[in-house]
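None of these values were measured; they are calculated from a predicted model. Note that these values count all heavy atoms, side chains included, but never hydrogens, waters or copies made by symmetry. Proteins come first, then strands; the chains are lettered A, B, ... in the order of their sequence lines, and each starts at number 1.
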Amino acid sequence: MIDPAFIQGLIKILFVVVVITAAYIISTRNLLSLVSVYALQSLSLVLIALALYSIEGAPVLLAIAAITFASKVLIIPYFIATIQEKVRIRRDIEFHFLSPTTSLIISMGLMLVIYIALSKILAGTHARESFLFFGAVLGISLMLMGMMVTFSRKRAITKVLGYLTMENGVLLFGLFVTELPFIIEFLIIIDLVIVVLLTTILTVGIDSTLEDYHKRLHRFHLWEEEERP
Amino acid sequence: MNGFLLYLVLNTLVVLAIAPLFVSLIKKVKARTQGRSGPSVFQTYYNLAKLLKKEVIYSPNSSRIMRVAPIVNMAALLVAALFVPLVFVPEPLGGIGNIILFLYLLALAKFFMALAGLDAGSSFGGMGSSREMSISAIIEPTTIIVFAALVFVFKSLNIFDMFATSAAAGTLATPVLILLGISLFIILIVETSRLPVDNPETHLELTMIHEGMILEQSGRNLALMELSAAVKLTLLMAILINLIVPFGLMTTFTLAGLLIAALLFVVKGSILAGIIGLFESSTAKMRFFRLPSLFAMAFFFSTLIIIIEVFA
Amino acid sequence: MILIAFIACTVAALLLIAISHTATRMNLVCTAQAVLFTLITVYLLLFHAVPVDSFIIGNQYFFIDHFGIFEVLLTSVIFSFAAVYARGYVAGLLESGELEKGSLKLFYVAWTLLLLLIVLAFCSDNLALFWIFAELTTITSAILIATLSARENIDAAIKYIFVASVAMLFSFVGLIFLFETSRSALGSGTLNWTELMQHAAVFPPGMMVAATALVFIGFAAKSGIFPFHTWLPEAHAKAPSAVSAILSGVLLNVGIYGILRMFAIAHQNPAGATIAPLIGLFGVLTIGIAAISMLPQKNLKKLIAFSSVENMGILLIGIAVSTPLAIFWVLFHVMAHSLTKASLFFSAGILHRQYRSRVSADAIDEIRDVFRLQPLAAWGIILGGLAIIGMPPFPVFFSKFFILLGLGSISPLVLAAVLVLLFIAAVALGYFVITAFTQVTPPGTTPDIDRYPIPLSMKVPIVVLLCLAVILGLVFTSGEISFFNQIVAELRF
Amino acid sequence: MGAEFFLLVLLLLLAGIAVPLATSGQDRRISRTAAHVCTIAASAVLAAIALFVLVTGQEITWTAYQPFGFFSIAFVIDRLAAFFLLIIAAVSLCVAIYSGEYVEHLEGGSRRNLLCGCVNLFILSMVLVVASANTLSFLFFWELMAASSFFLVMYEYTLPETRKAGIFYFVMTQLSTLFVLLGVILLYAGTGSFAFSLIRSPVSPLIPVAFLCLFLGFSIKAGIIPFHKWLPYAHPASPSPISALMSGVMLKIAVYGLVRFLLDVFTPELWWGLLILAAGTASAVLGIIYALKEHDVKAMLAYSSIENIGIIFIGIGLSVVLTAVNLPVLAQISLLGALFHALNHALFKSLLFLTSGSVVHATHTRDIEHMGGLSHVMPYTSALFFVGAVAIAALPPLNGFASEILIFISFFSSVSAVDPLLKVVMFIALSLFALTSALSAACFVKAFGSIFLAMPRSEESAKAREVPFLMLLGPAILAGACIILGLFALQLFTLAGFAVPEPDMLLIGVLLLVMAGFTYVVLHFTASREVRVSETWGCGTLSQQPSTEYTGHGFSEPIDIIFSSIYCTRLKNERMFFDEKNCHFREGVAEIRLLKVFEEYLYLPVSRASLRVATAVSRFQNGCLDTYLLYVFFAVIAVIVYLGWFA
């Protein structure tokens with residue numbers, strides 16, 4: 001009852017929202033807004049799933065939308081927010097290998113590379129023709145941007161969030177390349193929950209940043225310097 | 001077979017008889033060049049006789065080697081003498097005459113003499129044997145090269161066949177033999193420790209190498225050592241003579257031929273002894289660590305001969 | 001009912017652990033579970049028609065064939081020996097204060113769960129299901145690593161989780177690709193390995209190469225292949241030795257199992273020709289990095305961990321050669337490596353308890369008077385070391401020889417390079433063992449280290465595993481050879 | 001028929017391994033003597049089999065184990081294998097007798113049982129290497145031999161120099177295994193089979209490469225010059241019977257490997273022969289020159305093993321060159337010379353090692369500077385050492401000469417028949433070969449002189465006592481074998497059915513005795529028989545001090561100076577004076593320092609460089625999670641680019 005052209009316009013807008021939220025996650029220094037931006041990104045994914053449902057009508061998309069909404073928009077952000085209160089760390093200033101600007105430029109370059117690569121790989125299949133091919137490209141580049149976050153930020157919490165954005169990238173890619181069987185989507189959500197739970201517990205155990213506890217350890221255990229090669 | 005037995009006995013007797021003569025001849029020539037009349041030609045025979053009558057003195061810390069070395073030395077050289085027919089050349093039997101074996105018999109004698117030198121525990125003997133073994137090690141490549149050249153020229157490993165071919169040819173088999181003769185002469189000087197390499201007459205510890213080793217020997221052992229040194233000199237001179245001037249060498253056994261050959265050999269030997277004496281008095285003893293360069297010269301000279309012989 | 005047997009047994013074990021308080025009783029339960037698993041697999045192997053696909057629950061997701069049985073049998077054998085070893089080892093940890101009473105229950109729960117997950121992974125036909133179980137094994141083994149209260153263990157666990165799960169995400173993308181290729185070729189997409197094997201020839205080669213390459217990345221991280229091996233040495237050096245024996249002996253096999261299954265599919269397809277050199281390249285690079293970084297190593301457990309990385313490289317080369325003979329010996333090498341590596345880690349554990357360094361698990365080992373204090377562990381390390389290098393009486397000699405034989409007929413240059421790298425690894429191991437084991441307190445001074453009492457339960461596994469390795473290395477029973485040939489046939493090499 | 005006896009030998013050796021290992025708990029002599037009795041019995045039966053095969057030429061084949069398809073552990077004893085089995089049997093028989101007593105004086109308590117068990121394992125692996133029928137079982141037992149000999153070298157592991165010896169030995173054996181493994185695999189790639197079968201006409205380019213690898217592998221194990229560095233460390237570090245076995249037999253297994261591959265597998269070209277000849281000559285010359293500077297008796301014997309292995313390689317190289325220039329008769333003579341020298345070297349080298357072991361046991365030191373005058377207190381050991389020294393110096397009546405003269409004869413006769421350019425090479429090799437044999441005579445005069453003759457230079461060597469009977473019986477058998485092999489060389493060759501231009505040493509020996517008798521009789525009648533003992537002449541000094549004697553250093557000092565370019569000798573003599581015009585001499589230091597050339601210019605730089613590279617590479621693992629994730633990031637991008645490009 002809603003004409004497809006309007007839906008495709010809607011999906012394009014949601015693509016833009018996803019990319020902007022990813023860019024924000026890469027470059028932000030303020031940890032509090034990070035979780036809410038992640039919730040926004042997951043919400044846009046849910047809307048994309050609903051939009052796709054309205055075009056193709058596969059019931060599995062509905063289930064995926066519901067599951068994603070429940071887990072990625074509500075449970076996980078709430079869980080991480082509570083963790084952040086306990087750890088009381090506001091800002092994650094230092095960047096390890098890439099400053100925000102270079103990360104963004106690199107992600108642009110990556111999108112181009114992935115576009116060329118995927119077009120060559122998916123040359124023959126029907127996925128290539130549909131206008132949604134760009135969604136698949138976006139999915140993988142989202143993954144790589146998430147990965148950049150994991151290795152360029154110091155705080156373990158930001159690394160976990162980087163991992164979550166990679167997770168969203170996989171979901172995006174899955175939505176556009178093929179109709180995923182429901183069980184696959186369901187299992188990946190379970191795994192996601194467990195990974196996040198474990199890493200956050202561990203990070204609480206070591207007080208939220210890897211480097212801090214290295215320094216603290218110096219005082220207790222007199223760790224000789226020469227051990228590190 | 002009995003011809004060979006006869007040859008064994010004959011050759012040994014001839015060698016034992018002539019050997020001391022050549023030694024005293026060389027001394028005589030050297031004395032003459034220094035303007036003094038020098039001891040009689042038979043002086044070495046008198047020395048040996050005197051030594052035989054004297055008592056043997058052994059040092060308390062010398063072992064059985066000191067007692068055995070002279071006899072082994074003499075035996076080795078007498079067996080080596082069988083390899084070099086001075087006068088009569090029979091058919092070779094059972095490897096007797098193999099030129100490598102001849103060389104190694106000399107090495108056996110040197111080995112025992114060096115050990116005897118070390119045995120008494122005196123620094124003179126030690127220095128003598130150490131320097132003797134070093135020199136013989138350095139000269140060994142030259143000797144082997146010269147012998148290889150001889151084998152190459154005469155196409156046989158056996159000294160008997162070499163003498164037979166050179167006797168059959170009468171005069172020089174090939175002109176290259178003269179060059180080989182010079183190399184053989186150098187080897188003779190080094191092996192019998194004549195002047196430029198080592199001074200056989202003096203007992204000054206800086207100059208004596210061969211004498212150093214037999215310093216501790218006395219009485220009949222010293223006689224044996226002197227006699228074996230003389231036999232060694234005769235053998236090397238015989239090789240030189242019978243290859244370069246084979247005139248008069250007898251291959252078929254006739255009594256008259258034997259006498260003539262023996263006489264001729266004594267004449268040729270004494271001429272060569274004269275040459276050695278003149279050569280010795282014309283040069284002074286070289287410093288010990290200058291010898292390797294002299295031997296390198298000799299080695300270069302003999303390889304040059306072979307290259308000419310092989311490629312020309 | 002096979003799977004039910006496995007699951008039921010684990011649930012029973014979990015319940016028993018929940019109610020028992022002392023470490024020894026918990027350990028008894030774990031040993032019982034592992035031994036029960038072994039019995040089930042042996043029963044399955046001997047009296048049941050394999051491959052088994054008639055299950056009651058989730059029929060289309062699970063499937064046991066000879067390859068699965070072989071891996072499950074190997075896993076449960078190593079687990080039972082590790083459980084026996086852990087009895088003494090954990091008691092030592094408790095008494096020396098490295099492990100709190102509180103986290104003991106968590107340790108044993110994670111231990112039993114890990115065994116179940118690995119066995120289920122080997123029995124899963126659906127590749128996504130296998131992926132999920134592999135991911136869960138990463139988590140449970142991370143818990144096992146992090147149980148010691150030392151901070152550096154948590155650090156090692158985090159590194160392990162991040163590197164492994166980041167790479168595993170990419171293999172999930174690969175699975176999506178695989179699903180897409182099967183959907184475009186067969187009309188309805190499937191991720192079941194058996195169906196994929198039947199239609200492998202039909203798949204479009206381009207998509208197939210992409211799918212295999214991406215899946216390979218994930219499982220390469222699981223089995224410590226070159227760029228993703230960085231977590232392995234630290235995790236093994238810091239984890240308790242019983243756990244690092246399991247990590248090295250069993251967990252790396254899960255990665256290799258995934259790669260072999262995926263490559264079996266690609267092998268039917270013309271895509272196999274482009275993938276094999278990539279895998280071969282990764283294999284050679286892995287051996288290179290492992291062998292060269294073994295040379296300056298001063299810590300025994302890190303040295304043994306690097307030698308596991310190097311052996312994984314050898315397996316990869318065997319897979320890349322992909323002749324039936326090479327695959328036969330790859331399987332044999334998996335068994336040989338697991339047994340020898342487990343026994344090596346057990347002996348290293350005893351030495352670790354004896355010369356425990358106050359500073360950190362990464363510090364240089366001060367091993368002294370080893371033949372006086374721990375003769376059995378010393379001889380375990382020496383014979384285990386010789387076994388890993390590939391000395392004759394031990395099985396690694398034949399498997400390494402025949403894999404290199406396959407490589408030799410393909411390209412002698414690569415063979416020469418690999419042999420030089422294996423030489424460097426052998427020299428590194430030898431250099432460490434010789435310098436460490438000949439340190440003796442000078443006869444005059446009184447030795448300050450006294451002997452650490454090692455219970456029998458820690459010594460028996462070392463000896464039994466080494467004897468098992470020697471027997472398997474020398475005696476090739478016809479049953480064993482036909483079993484391996486059956487696997488090679490099922491993988492259609 | 002012989003297969004059962006061969007099986008009996010293996011079982012005896014296995015019993016020899018099992019008994020001491022089983023009773024390694026308590027330190028009782030019974031189990032150790034049982035092990036030695038097993039070794040003696042096994043070597044006796046082995047010698048019988050070897051002689052049977054050598055004389056009748058009938059082969060013994062036995063496929064022990066054929067699990068499936070193409071790979072099998074099988075054994076064939078043909079004449080070549082039988083010859084080397086004879087070497088193993090002879091040496092291990094005498095070493096077992098010797099170590100029956102020697103091991104009792106070793107410290108190490110119940111560990112000595114392990115030593116005896118490991119010796120039997122070492123002998124078993126060598127027997128199986130020689131008897132193996134295909135390249136795979138050859139490789140299998142080759143590495144087993146390497147492993148068991150490593151344990152033997154590391155017996156006295158508490159000493160620091162054993163650690164250095166162990167590292168050198170382990171690295172070099174692994175390197176040799178690398179090359180042999182590479183050679184076997186390339187051979188399989190070239191010919192497609194493991195058997196020792198002659199390669200047919202379509203020779204793939206891999207075959208020369210396979211030969212080179214095998215040659216490198218065998219020359220490392222044999223101790224050829226650039227790879228010899230493990231020998232002078234391993235032999236002094238291991239107990240004497242072990243170094244006798246290693247030097248006498250293990251080096252010959254490497255020679256066997258080379259000969260087996262050259263005769264049965266490859267059709268060698270000319271440059272192969274020249275390569276072997278060059279390696280042999282270099283090792284011979286440098287081996288004996290380094291032996292001369294050593295003052296540790298076992299290191300000197302180790303270097304002289306390098307020299308003798310060099311001589312064997314010269315013989316083999318010469319025979320390969322001559323077959324390539326199709327002079328088959330001369331080639332056979334030089335090969336026979338090389339193999340006969342292998343047997344002789346095994347005998348007199350193990351004799352020397354055992355007797356030097358007794359000397360070291362008696363004087364508790366290995367440094368010949370502190371020995372001297374032992375012939376008075378240890379008459380039998382010195383007599384046995386003397387026989388070994390005369391044999392190794394290649395002096396006529398004994399076996400050392402009998403084999404070297406064969407090589408000399410093939411050199412001399414080939415010189416006249418070969419084309420000119422090759423002739424020059426022959427002459428150079430011949431002169432260097434002659435230099436080595438003369439230097440080896442000098443070396444062993446120094447050895448025998450400074451150990452046994454003149455006055456003892458330390459209290460231990462003054463208080464040394466003769467070793468028990470068993471430690472004399474083993475070497476005595478070896479000495480007897482040396483003498484018999486020397487005298488009856490020609491007869492043995494004709495018995496084995498080879499026409500060889502060997503001079504009849506029996507005749508020479510008889511003539512020597514006749515001449516000695518002749519001189520003795522003449523002296524008896526003509527010379528006076530008084531004998532008196534009085535002080536050695538020391539320019540009038542009353543009592544002769546042992547410090548004035550010529551020690552090993554002094555003896556080899558002229559050669560140090562003459563060959564200073566090879567030793568890189570550093571002469572240092574500083575003089576300090578009382579006054580500034582340097583007239584009144586106060587004190588001074590004069591020193592000759594010989595550089596360990598190969599170690600300082602080849603081995604240490606290589607190991608330092610590889611350690612630097614390794615530490616640089618291991619920084620890849622720097623313990624920071626971000627770098628690890630960066631590596632994963634780069635890897636994923638590389639794979640994606642690869643996919644984009646290739647798919």
Next item on the list: May I have the step-by-step check of side-chain contact (heavy atoms from CB on, under 4.5 Å) for Ile405(D) and Asn98(B), ending in yes or no?
Entry: CA-CA 10 Å; Ile405(D) 192 167; Asn98(B) 187 315; 4.0 Å; yes
Count the heavy-atom pairs under 4.5 Å between each of [options] and chain B, then report the option with the highest count.
options                                    : result
Leu513(D), Leu512(D), Val514(D)            : Leu512(D)
Ala441(D), Ala394(D), Ser413(D), Ser534(D) : Ser534(D)
Pro558(D), Ala516(D), Gly517(D), Ala442(D) : Pro558(D)
Leu490(D), Thr436(D), Leu430(D)            : Leu430(D)
Arg532(D), Glu549(D), Glu530(D), Glu404(D) : Arg532(D)
Leu432(D), Leu435(D), Leu506(D), Val390(D) : Leu435(D)

Next item on the list: For side-chain contact (heavy atoms from CB on, under 4.5 Å), just list the numbers for Phe147(B) and Phe412(D), CA-CA rounded to whole Å, side-chain angles, deciding distance to a tenth of an Å, and then say yes or no.
Entry: CA-CA 9 Å; Phe147(B) 283 174; Phe412(D) 273 46; 4.2 Å; yes
Using a 4.5 angstrom heavy-atom cutoff, name the option from [options] with the most pairs to chain D.
options                                    : answer
Leu227(B), Leu105(B), Ile57(B), Leu82(B)   : Ile57(B)
Ala75(B), Pro70(B), Gly97(B)               : Ala75(B)
Ala223(B), Gly219(B), Ala114(B), Ser123(B) : Ser123(B)
Arg64(B), Met127(B), Arg131(B)             : Met127(B)
Val56(B), Ile135(B), Val72(B), Thr142(B)   : Val56(B)
Lys54(B), Lys155(B), Glu216(B)             : Glu216(B)

Where on [X] is there a heavy atom nearer than 4.5 Å to chain D: the side chain, the backbone, both, or neither?
X         : answer
Phe83(B)  : side chain
Ser62(B)  : backbone
Leu215(B) : side chain
Leu16(B)  : side chain
Leu108(B) : both
Leu101(B) : both
Lys110(B) : neither
Leu224(B) : side chain
Val151(B) : side chain
Asp119(B) : both
Leu77(B)  : neither
Met66(B)  : neither
Pro292(B) : side chain

Rounded at 0.5 Å granularity, tell me how far [atom1] in [X] sits from [atom2] in [Y].
X         : Y         : atom1 : atom2 : answer
Ile100(B) : Ile407(D) : CD1   : CD1   : 11.0 Å
Ile559(D) : Ile138(B) : CD1   : CD1   : 6.5 Å
Leu439(D) : Ser136(B) : CG    : OG    : 8.5 Å

Margin query: Is the distance from the ring center of Phe386(D) to that of Phe112(B) below 6.0 Å?
Written below: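 Between Phe386(D) and Phe112(B), the centre distance is under 6.0 Å.
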So what's closer than 4.5 Å to chain B heavy atoms on [X]: side chain, backbone, both or neither?
X         : value
Phe411(D) : neither
Phe433(D) : neither
Ser375(D) : side chain
Leu507(D) : side chain

Does any part of the side chain of [Y], heavy atoms only, come nearer than 4.5 Å to the side chain of [X], both counted from C-beta?
X         : Y         : result
Phe408(D) : Tyr104(B) : yes
Ser59(B)  : Glu535(D) : no
Leu453(D) : Asn61(B)  : no
Met515(D) : Thr12(B)  : yes
Leu118(B) : Phe448(D) : no

Notebook entry, point to check: Do any of residues 519-526 of chain D come closer than 4.5 Å to chain B, heavy atom to heavy atom, and if so which ones, in number order?
Noted result: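 Only Thr519(D), Tyr520(D), Leu523(D), Thr526(D) of residues 519-526 of chain D have a heavy atom under 4.5 Å from chain B.
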Notebook entry, point to check: Would you find more than 12 non-hydrogen atoms of other residues, nucleotides or ligands less than 6.0 Å from Met286(B) atom CE?
Noted result: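 Counting other residues, nucleotides and ligands, CE of Met286(B) exceeds 12 neighbours.
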Next item on the list: Look at atom OH of Tyr380(D) and say whether more than 12 heavy atoms of other residues, nucleotides or ligands are closer to it than 6.0 Å.
Entry: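 Counting neighbours around OH of Tyr380(D), 12 or fewer heavy atoms of other residues, nucleotides or ligands fall under 6.0 Å, so no.
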Note to self: Please determine whether side-chain contact (heavy atoms from CB on, under 4.5 Å) holds for the pair Glu557(D) and Ser130(B), giving the CA-CA distance in whole Å, both sets of side-chain angles, and the decisive distance to 0.1 Å.
What the structure shows: CA-CA 8 Å; Glu557(D) 188 262 347; Ser130(B) 146; over 6 Å; no
Note to self: Working note: Tyr550(D) + Ser129(B), criterion side-chain hydrogen bond (donor to acceptor under 3.5 Å, both in side chains); need CA distance, chi angles, decisive distance, verdict.
What the structure shows: CA-CA 10 Å; Tyr550(D) 241 64; Ser129(B) 49; over 6 Å; no
